[in-house]
Amino acid sequence: MDILIVLEDNNGKIHRMGLESIAAAQQMAGDLGLTTGALVMGAHGDALAEEASGFNIGEVLKVNSEYVASYSSDGYAEAVKQVIEQENPNYVIFGHTYQVRDYAPKVSAKLMKPFLVDNVAVRSNNGKPVFTKLMFNGKLFSDVHANGDGPFLISFQSAAFSSDKAESGSADVRDCSVNIDASMIRTESESPFQEEAGGVDLTSANIIVAIGRGIGKEENVPLAQDLAKAIGGELASSRPVVDAGWLPSAHQVGSSGQSVSPKMYLALGISGAIQHVVGMKGSKNIVAINKDSEAPIFEIADYGVVGDVLEIIPKLTEALNE
Amino acid sequence: MKIAVLVKQVPGAESPLPIQPDQSWVDEGAVAYMMNESDNYALEEALKIREVNGEGEVVAVSLGPDRIQKVIREALAKGADRAIHIQMETAGAIDPLSTAGLFADALREENFDLIFTGLQSDDLGMGQTGIIIGEILGMSTASLAMATEVGDGKIKVKRELEAGWFQWVSLSLPASVSIQSGLNTPRYPSLKGIMGAKKKEIKVVTPSSPDPTQSLEKVYVPQSDKQTVMIEGSADQIVGKLVETFRNNIKVL
Ligand SMILES: Cc1cc2nc3c(=O)[nH]c(=O)nc-3n(C[C@H](O)[C@H](O)[C@H](O)COP(=O)(O)OP(=O)(O)OC[C@H]3O[C@@H](n4cnc5c(N)ncnc54)[C@H](O)[C@@H]3O)c2cc1C
């Protein structure tokens, strides 16, 4: 096969970004006249293979090895590397998930082949793919290509492709064996856990007032708290506000925090980096206030104000309280 | 415990990013540089480990042209013992595999117990250099560390997973760990630290640049097809229009 899609497990189902990867690979296959295959592994390999076989993919490969039953970066990197060596794809497609961030660079190092990450689009230029990648936290885009011979590792950003666009079909499943032993696994993992939310439930909020680094300092946070109260909304934030200790982590919206879709999301001093945007772009109405007219948040905002949040927030609270 | 911390100089969050006429890169002369955010947390974590252990060495390592000596000095002022500067022009270069190879060459002989990097740079956002270096040097690796515990020839790392989940992973040493921002409170350099930094060693190495395995064609400002209604006027007018929008268009009041 020419394109190998590596599918990630999400409790027995294909991770949403895996479905997006299928859509991406199908587009690339169409544009460049290439064949596809998908790879599944882990304790839920059978269920994932079954689900994957319902898509328009050349074939589904299933790795059976006790060393990939649960995730370890060493085990997964070695398994994917060996499958690539056996199958010789030219492109290996991943979703840009946290797990992929953890082990795919190791595959790149083992093969000495580049890993082109975090792409939002791909197009063909004279039969060669050119990838569009975010840079500078989403403030600029770039066009990037791989040099030399494949295999090339490629990851796509969340929602770069719509999972609904993944074409269904019927694919055969083939077992694949890899040669891994216990000495290759240098890590030991405990069970995943979640931290206490401390009574903050952003997911059911109708209105969210979210602050970013643009709030300036901890002493300004109460301004936003007052606004949230005046408008009847929940207070949320971007990561740097939590990192600085100005709000507890339960308030964080984004890929590491909560995903929300309120009727109105008021983004105050938030630049609109992709890791924040993935957590709030489903909001029905996005209102952004930012002093930088070129902030990426304005690319997704329904309503925008170029201005100083420290000036506008108190006045807005006052007007709402009247 | 001998720890290398990779610190990168990147455009600050508020820096202008004018694009060069040929779109090959940003106009670096107009950029306001600073230390990459997660690297600052990585440095703090290394310094804390050294302080808790009461011994060991923290070496700041950076790759780039002369201008990066500013972040190297900053790392030394905060407490790194010495530094390695891999001298290289980097404008428009985007290949983590080559970069990681250069770091691995510079670090190999030093036999570090730990390599810490920020989880990704705020300019390229590749998020892989530290892990590739670890793999090349035969170290165990983990990404997105939100806490670390060192002891018994191991490092335990609290890895951030998606959507508010975490997982503790124990790694055998030597290990290369990428650090997520927020895991500690980075210090500011003291006046004594700033003075002392001037006397610390910066070893400069000048390797030749390898052939890149991936290349940049151009950078550009993203175009959006979203229609954003811009609300303008004086602050009072803006507030009036916002309340109207909340009430009549979004219907949340
Ligand atoms: C693996 C990973 C996971 C991550 N997870 C998350 C996550 O879950 N959630 C998250 O939010 N981020 C996350 N991030 C971080 C993300 O990449 C960005 O760094 C972060 O979202 C930026 O936050 P910000 O917009 O508040 O800050 P900045 O990007 O610094 O933006 C601040 C904005 O405020 C504006 N501003 C400044 N002063 C004022 C003023 N007085 N008035 C008006 N505007 C002003 C500036 O113009 C700027 O646009 C993650 C990153 C990585 C790599």
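So you know, we letter chains A, B, ... as the sequences are listed, proteins then strands, and number each from 1. As the structure is a prediction and not an experimental result, all values here were calculated from the model.
Heavy atoms closer than 4.5 Å to chain A are found nowhere in B:T185, neither backbone nor side chain. Proximity to chain B (any heavy atom under 4.5 Å) is restricted, for A:E311, to the side chain, taken from C-beta onward. Of the two parts of B:L144, only the side chain, counted from C-beta on, holds a non-hydrogen atom closer than 4.5 Å to a non-hydrogen atom of chain A. Contact of B:P11 with chain A is made through the side chain alone, with heavy-atom distances under 4.5 Å. Of the atoms belonging to B:L171, heavy atoms from both backbone and side chain fall under 4.5 Å from chain A. Interface remark: B:L183 contributes no atoms to any contact with chain A (heavy atom separation under 4.5 Å). Using a 4.5 Å cut-off between heavy atoms, B:L242 contacts chain A through its side chain alone, with no backbone atom that close. Contact annotation for A:V120: neither backbone nor side-chain heavy atoms come within less than 4.5 Å of a heavy atom of chain B.
The aromatic rings of A:F136 and B:W25 sit tilted, their planes meeting at an angle between 30° and 60°.
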For residues 297-305 of chain A, please give each side-chain donor-acceptor pair under 3.5 Å, one per line with the distance, not counting sequence neighbours.
unit_1	atom_1	unit_2	atom_2	d
A:D302	OD1	B:K226	NZ	2.9
A:D302	OD2	A:I286	N	2.7

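Proximity of B:E14 to A:R213: side-chain heavy atoms (C-beta onward) are nowhere separated by under 4.5 Å. The shortest distance between side-chain heavy atoms of B:Q120 and A:Q275 falls below 4.5 Å.
Looking at B:Q214, its side chain does come within 3.5 Å of a backbone N or O of A:F115 through a donor-acceptor pair.
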